[in-house]
Number of protein chains: 2
Amino acid sequence: MAHLTAGVEYGIHCLLWLALERDTSLSSRDLADLQGVSPSFVAKLFPKLEKAGIVVASNGLRGGYRLARSAARITLLDVVDAIEGPKPLFDCQEIRGRCAVFDGALPRWATNGVCAIHAAMLRAEQAMRESLAATTLADIADTVGRKAPASFSQAVTAWVGGRTDARSARRGTRGRG
Amino acid sequence: MAHLTAGVEYGIHCLLWLALERDTSLSSRDLADLQGVSPSFVAKLFPKLEKAGIVVASNGLRGGYRLARSAARITLLDVVDAIEGPKPLFDCQEIRGRCAVFDGALPRWATNGVCAIHAAMLRAEQAMRESLAATTLADIADTVGRKAPASFSQAVTAWVGGRTDARSARRGTRGRG
DNA sequence: GAAACACAGACTAGATCGCTCCGCGTTTCA
DNA sequence: TGAAACGCGGAGCGATCTAGTCTGTGTTTC
Ligand code: FES
Ligand code: FES
């Protein structure tokens with residue numbers, strides 16, 4: 001994939017569901033099934049978000065995740081950093097230090113400070129990060145909310161409720177389904 | 001490596017040498033040896049820069065590359081696009097279309113337009129691209145030029161000249177060295 | 001005490017990256 | 001005239017990364 005991996009897309013989409021259902025803990029399996037993606041993969045994602053303080057986890061049956069703070073105070077940069085970890089846009093290999101003209105006697109000025117090319121790349125990365133930091137989960141939820149009809153939110157709550165019911169039913173009809 | 005690969009670092013550094021020696025054609029081997037990097041790898045880089053119209057190539061003995069236009073009119077974005085090709089920062093997989101709540105009957109509004117998350121990523125990518133487009137090869141050459149002593153430019157020209165001489169000498173003493 | 005949860009770690013298939021090697025056509029120059 | 005130095009394309013290779021699976025361990029609910 002590209003620089004921002006599939007984990008970021010999965011993670012942010014999951015967090016949007018959590019923002020929609022702030023009163024309920026959703027398990028990683030709920031979130032995966034809800035979106036039709038790999039449960040194992042989503043399960044590997046959330047410990048990172050929890051360590052970054054974006055979500056809080058609760059253990060045991062009926063456990064799961066919920067947002068650690070308001071969606072308006074979670075930026076896309078928070079999520080990207082949590083999932084991707086420290087991952088530079090550009091990885092300078094200090095080419096300049098191998099110049100044949102110097103022939104072994106590397107002058108101080110040649111490796112002093114950061115290479116001008118590297119500096120330009122760092123500026124580009126910073127521009128990207130500032131753009132990501134300027135968008136919050138709430139912004140995105142608003143955009144989606146304006147597109148979705150009013151009935152959608154209810155349908156989601158019903159789906160989540162249906163999950164809990166299905167679990168209870170499974171306990172009642174154990175071995176038959 | 002990261003999103004911007006080693007080819008970009010090699011490529012831009014090479015182009016800086018070409019900007020310094022605008023009157024001479026430098027071969028890909030010259031440029032590689034000058035910087036102590038792999039000649040084969042640099043040789044694979046330059047056809048891309050030539051197709052993008054950043055350098056012009058000349059064939060045969062004494063051939064090589066030179067800048068197609070002034071360094072002030074070559075941006076870092078030009079070089080990155082030439083070497084990396086079309087490579088999105090974020091590769092949306094249209095997760096939203098798989099939502100289990102819809103259960104097969106995907107409503108129009110759900111996939112209408114670009115996903116809000118994807119849109120935010122495109123803005124971040126655009127911010128990065130604008131930053132890269134704002135820096136030219138000449139800008140970087142100036143920065144380097146201010147650091148390097150006056151003698152450096154002469155040393156480079158001498159090194160390049162020495163290369164041509166070495167080739168002539170090799171022809172004269174064929175088989176002995 | 002079983003089921004549903006979180007979480008850590010080993011593992012795999014496939015893609016990509018950095019790099020090499022080879023063959024072909026072109027140009028120069030002894 | 002032919003060898004050497006060029007550009008250029010394609011095949012291939014080892015290392016690394018990605019997306020995803022499969023354990024296993026500990027915790028909470030019912
Ligand atoms: S040495 Fe890495 S960008 Fe110049
Ligand atoms: S569907 Fe790809 S980012 Fe939303």
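Proteins get letters first, then strands, A, B, ... in listed order; numbering begins at 1 in each.
- Pairs passing the side chain to side chain donor-acceptor pair (under 3.5 Å) check and including a residue from residues 110-120 of chain B, sequence neighbours excluded, do not occur.
- Within the structure, the side chain to side chain donor-acceptor pair (under 3.5 Å) test picks out the following pairs touching residues 10-23 of chain A (sequence neighbours left out): A/W17-A/Q35, A/E21-A/T157.
- Proximity of B/R62 to the phosphate of C/dC29: a side-chain N or O atom is located under 4.0 Å from OP1 or OP2.
- Atom CD1 of B/I83 is separated from atom C1' of C/dC17 by 14 Å (rounded to the nearest Å).
- At C/dC17, none of the side-chain N or O atoms of B/Y10 fall inside 4.0 Å of OP1 or OP2 (strictly under the cut-off).
- Summarising the geometry, the separation between CD on B/Q93 and P on C/dA15 is reported as 14 Å, rounded to the nearest angstrom.
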At under 4.0 Å between heavy atoms, how does the protein contact nucleotides 20-26 of chain C? Give one character per nucleotide, 5' to 3', with B, S or -. B----BB

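- For the pair A/K87 NZ and C/dC17 P, the interatomic distance rounds to 11 Å; values are reported in whole Å.
- Partners of A/P86 under the side chain to side chain contact (heavy atoms under 4.5 Å, CB included) rule, at least two apart in sequence or in another chain, do not exist in this structure.
- The listed nucleotides are D/dA19, D/dG7, C/dC7; the one nearest the side chain of A/T5 is D/dA19.
- Linking Ile, Leu, Val, Met, Phe, Trp and Tyr residues whenever their side-chain heavy atoms come within less than 4.5 Å leaves A/V114 and A/I95 in two separate clusters.
- In this structure, B/F152 has its ring center at least 6.0 angstrom away from the ring center of B/W159.
- Within the nucleic acid shown, A/S25 has no heavy atom closer than 4.0 Å to any nucleic acid atom.
- Under the salt bridge (Lys or Arg N to Asp or Glu O under 4.0 Å) criterion, A/E130 pairs with no residue, sequence neighbours left out.
- Between the CZ atom of B/R29 and the C1' atom of C/dC19 there is a distance of 14 Å, rounded to whole Å.
- Checked against side chain to side chain contact (heavy atoms under 4.5 Å, CB included), A/S38 has the following partners two or more places apart in sequence or in another chain: A/S40, A/F41.
- For the pair B/L4 CG and C/dG18 C1', the computed distance is 16 Å after rounding to whole Å.
- Protein atom OH of B/Y65 is 7 Å distant from nucleotide atom C1' of D/dC8, rounded to whole Å.
- Contact check, A/S58 against D/dT28: no side-chain N or O comes under 4.0 Å of OP1 or OP2.
- Within a heavy-atom distance below 4.0 Å of DNA chain C, the residues of residues 48-55 of chain A found are A/E50, A/K51.
- For A/E84 and D/dA19, the CD to C1' distance is 12 Å, given to the nearest whole Å.
- Among pairs with a residue in residues 45-71 of chain B, those fulfilling ring-ring contact (aromatic ring centres under 6.0 Å, His included) read B/F46-B/Y65, at least two apart in sequence or across chains.
- With sequence neighbours left out, B/R123 forms a salt bridge (Lys or Arg N to Asp or Glu O under 4.0 Å) with no residue at all.
- One atom, CG of B/D91, and another, C1' of D/dC17, lie 15 Å apart when rounded to the nearest Å.
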